Peer 1: 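Got a structure for you, written out below as structure tokens; questions coming shortly.
From a predicted model like this one, the values you see are computed outputs, not experimental measurements.
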Amino acid sequence: MAKRNPSFVCQSCGAVYNRWKGKCEACGGWNTIGEETGSASPMVGPVATRPSRAKGRVFALEGLAGETREAPRTPSGIAEFDRVTGGGFVRGSVILIGGDPGIGKSTLLIQASAALAARGARVAYISGEEAVAQVRLRAERLGLAGAPVELAAETNVEDIVTTLSQGPAPALAIIDSIQTMWTETVESAPGTVTQVRGSAQALIRFAKTHGTAVILVGHVTKDGQIAGPRVVEHMVDAVISFEGDTGHHFRILRGIKNRFGPTDEIGVFEMSDRGLTEVANPSELFLAGRDLATAGTAVFAGMEGTRPLLVEVQALVAPSSLGTPRRAVVGWDPSRLSMVLAVLEAHGGLRLGQHDVYLNVAGGLRISEPAADLAAAAALVSSLSGAPLPPDTVYFGELGLSGAIRPVAQAPARLKEAAKLGFLHAVAPAPRGDSRERLALSPTPMSHVADLVAAIASSRPRQRTALPNR
Ligand code: TYD
Ligand code: MG
């Protein structure tokens, strides 16, 4: 069934249509559909065009129990990277790394390649974006020029696969980036969804047959999605995003999908003039330069995967001059802020309808845990009342719509980290059940948001704005 008709492919999600449309019905994107001719496989997904056989082969089916071996891994030598991959690169696995341009993907990967190559592994770095001289220049600046990394500037996937198949299979091959690659098996222009999918397919096949771990660098669109077809995300074994704010020095490596390890771990790096350096204790970094005496800041004892992470949550509540007051959030979910504000109004007695509210997670970190509710609420109440929170206290807990403060997971680890960094008190929900675990800090149990408001308002009766009258 050699279909040579033109097909119309959505460039953001990979959906295929037989005529042009203004709006993609699959992803809702406008003007994302482009014509592509000669696509070898108009099918969505990693289904390769295999000649159909009349009769299938019989294969053995097995039970769930049985002997298994731990996937063989090659640690990169960068501990923060290995934490995210789950202990190193699995042989024959493919990792997609996405991130904004200029965030430091190439820097991180050249550092990982050099670290691995210096330990004797064969590592190939294929750049489709930069000339060899540019990559060399960067390596020189990072003091890595001596590492035996095999470097090339190539974009043709068949050439790359043929070259890498010579000699012993590389332990790691880096393709920077998948959007610049093109394969002869597909006729569309480089950068189109069909090309990206075809190239990824060929490289994944290479990884599986040779046992090489392949890292694909992927571009990211304005709204943070990895550009190109989402199907590439489904085809690879792991998807990792490298994020950070160009205004801040630190960068976060975050697992999004991982067939061989955890997805909730983060790796923290700091960008310096010597490249990316690992940050082994991120809490210290995020709390550095904290303003202790001002109202509106609370320290949140959070968790990122298995690692506790302390960050400062800052709030500013100010009388509004607008008809509809502003609500702005950086680093947290805006709908969670709306919910916390509604709970504070309904159950804490606060009146915020005439106030602008700004909430910021210091340092540019993005937190997604519901456990941050209590810290955000404390910062908001503190800012509204003008009463600074005690500087030696951390906050964590989830707010329910009823105003109840609900227990969250991993409280002992959060308290331990807080104690380690010199905090003396914690405001948190009462520990769950009958766990009589010895805690590093014994939290001041708080079960309702009204108690929180009362505690903060009574701490320093410097009334700046009207606080609740109950
Ligand atoms: P790069 O790795 O090229 O980003 P990406 O591949 O994600 O597009 O990173 C480039 C940025 O990093 C650039 O703005 C300069 C900065 N940088 C440093 O600050 N220090 C360094 O040692 C290096 C190599 C880059
Ligand atoms: Mg780059």
Peer 1: So does R406 have more than 12 non-hydrogen atoms from other groups sitting under 6.0 Å from CZ?
Peer 2: no

Peer 1: Is it true that, when you exclude K208 itself, more than 12 heavy atoms of the residues, nucleotides or ligands shown sit nearer than 6.0 Å to its NZ?
Peer 2: yes

Peer 1: Heavy atoms, side chains only, cut-off 4.5 Å: are I215 and I97 in contact?
Peer 2: yes

Peer 1: Any sub-3.5 Å donor-acceptor pair from E278's side-chain atoms to A79's backbone N or O?
Peer 2: yes

Peer 1: What's the separation between atom CD1 in I266 and atom CZ in R254, rounded to the nearest 0.5 Å?
Peer 2: 6.0 Å

Peer 1: Kindly determine whether V214 and I175 satisfy side chain to side chain contact (heavy atoms under 4.5 Å, CB included), including the steps that lead there.
Peer 2: CA-CA 7 Å; V214 172; I175 308 292; 4.1 Å; yes

Peer 1: Quick check against the 3.5 Å criterion: does S93 have a side-chain atom that pairs as donor or acceptor with the backbone of D237?
Peer 2: no

Peer 1: With no hydrogens and no angle check, is any side-chain donor or acceptor of R251 less than 3.5 Å from a backbone partner on I103?
Peer 2: yes

Peer 1: Between D82 (side chain only) and G87 (backbone N and O only), is there a donor and an acceptor less than 3.5 Å apart?
Peer 2: no

Peer 1: Side chains of L253 and L108: closer than 4.5 Å at any heavy-atom pair?
Peer 2: yes

Peer 1: Assess, by modelled atom type and distance only, whether the side chains of T183 and Q195 contain a donor and an acceptor separated by less than 3.5 Å.
Peer 2: no

Peer 1: With the threshold set at 4.0 Å, does a side-chain nitrogen-carboxylate oxygen contact exist between R366 and E304?
Peer 2: no

Peer 1: Once you round to the nearest 0.5 Å, how far does CD of Q179 lie from CG of L216?
Peer 2: 9.5 Å

Peer 1: When you check the gap from the basic side-chain N to the acidic O, do R307 and D264 get nearer than 4.0 Å?
Peer 2: no

Peer 1: Any luck finding a side-chain donor-acceptor pair between E243 and S241 under 3.5 Å?
Peer 2: yes

Peer 1: Taking S368's backbone N and O only, do any of them form a donor-acceptor pair with D333's side chain (distance below 3.5 Å, no angle check)?
Peer 2: no

Peer 1: Please assess V394 against F300 for the test side chain to side chain contact (heavy atoms under 4.5 Å, CB included), listing each intermediate value before the final yes or no.
Peer 2: CA-CA 6 Å; V394 296; F300 166 50; over 6 Å; no

Peer 1: Got Q201 and R205 here, is their nearest side-chain heavy-atom distance under 4.5 Å?
Peer 2: yes

Peer 1: Locate the shortest heavy-atom distance separating L441 from L415; write the atom from each residue and the value.
Peer 2: O-CD1, 3.5 Å

Peer 1: Minimum heavy-atom separation for A117 and V149, please, with both atom names.
Peer 2: CB-CG2, 3.8 Å

Peer 1: Check whether any side-chain heavy atom of L203 lies under 4.5 Å from a side-chain heavy atom of V157, and answer yes or no.
Peer 2: yes

Peer 1: Taking all heavy atoms of V343 and all of G403, pick out the closest pair and write down the distance.
Peer 2: CG1-CA, 3.7 Å

Peer 1: Can a donor-acceptor pair be found, under 3.5 Å and without considering hydrogens, that links the side chain of Q134 to the backbone of A131?
Peer 2: yes

Peer 1: Less than 3.5 Å apart, any donor N or O on the side chain of E129 or H219 sitting next to an acceptor on the other?
Peer 2: yes

Peer 1: Count the heavy atoms belonging to other residues, nucleotides or ligands that lie under 6.0 Å from NE2 of H249, then report whether that count exceeds 12.
Peer 2: no

Peer 1: Any chance the rings of F81 and F89 have centres within less than 6.0 Å?
Peer 2: yes

Peer 1: What distance do L365 atom CG and L310 atom CG have between them, rounded to the nearest 0.5 Å?
Peer 2: 11.5 Å

Peer 1: Say you draw a straight line from CD1 of I252 to CD1 of I240; how long is it, rounded to the nearest 0.5 Å?
Peer 2: 13.5 Å

Peer 1: Run the side-chain donor-acceptor check on residues 19-34: report pairs under 3.5 Å with partners two or more places apart or on a different chain.
Peer 2:
from : atom 1 : to  : atom 2 : distance (Å)
W20  : NE1    : I33 : O      : 3.0
K21  : NZ     : E25 : OE2    : 3.1

Peer 1: Under 4.5 Å between any side-chain heavy atoms of I110 and V135, yes or no?
Peer 2: yes

Peer 1: Where do E270 and L276 land on the side chain to side chain contact (heavy atoms under 4.5 Å, CB included) test, with the steps shown first?
Peer 2: CA-CA 5 Å; E270 196 172 358; L276 292 155; over 6 Å; no

Peer 1: Taking C-beta and beyond as the side chain, do V217 and L109 meet within less than 4.5 Å on heavy atoms?
Peer 2: yes

Peer 1: Taking the side chain from R119 and the backbone from P75, do they hold a donor-acceptor pair closer than 3.5 Å?
Peer 2: yes

Peer 1: I need the T107 OG1 to F242 CZ distance, nearest 0.5 Å.
Peer 2: 8.0 Å

Peer 1: With a 4.5 Å heavy-atom cut-off, do T212 and R91 have their side chains touching?
Peer 2: no

Peer 1: Just to verify, what does E265 make a salt bridge (Lys or Arg N to Asp or Glu O under 4.0 Å) with, not counting sequence neighbours?
Peer 2: none

Peer 1: Any side-chain heavy atom of I204 sitting closer than 4.5 Å to one from V236?
Peer 2: yes

Peer 1: Give a yes or no answer on whether the side chain of E398 reaches the backbone of P407 with a donor-acceptor pair at less than 3.5 Å.
Peer 2: no

Peer 1: Could you tell me which non-hydrogen atom of G255 sits nearest to which non-hydrogen atom of V84, and how far apart they are?
Peer 2: N-CG1, 3.6 Å

Peer 1: What heavy-atom pair brings V361 and G331 nearest, and what distance separates the two atoms?
Peer 2: CG2-O, 3.5 Å

Peer 1: So, does R122 use its side chain to make a donor-acceptor pair with the main chain of P168 at under 3.5 Å?
Peer 2: yes

Peer 1: Could you go through M303 and L309, starting from their C-alpha distance and side-chain angles, then the distance that decides it, and tell me whether this counts as side chain to side chain contact (heavy atoms under 4.5 Å, CB included)?
Peer 2: CA-CA 5 Å; M303 293 295 297; L309 186 62; over 6 Å; no

Peer 1: Just to verify, what does D176 make a side chain to side chain donor-acceptor pair (under 3.5 Å) with, not counting sequence neighbours?
Peer 2: S106, Y125

Peer 1: Just how far is it from atom CZ of F250 to atom CZ of F269, taken to the nearest 0.5 Å?
Peer 2: 13.0 Å

Peer 1: What are the two closest non-hydrogen atoms of S283 and E417, and how far apart are they?
Peer 2: OG-OE2, 2.7 Å

Peer 1: Hey, is E233 close enough to K257 for a salt bridge, meaning N to O under 4.0 Å?
Peer 2: no

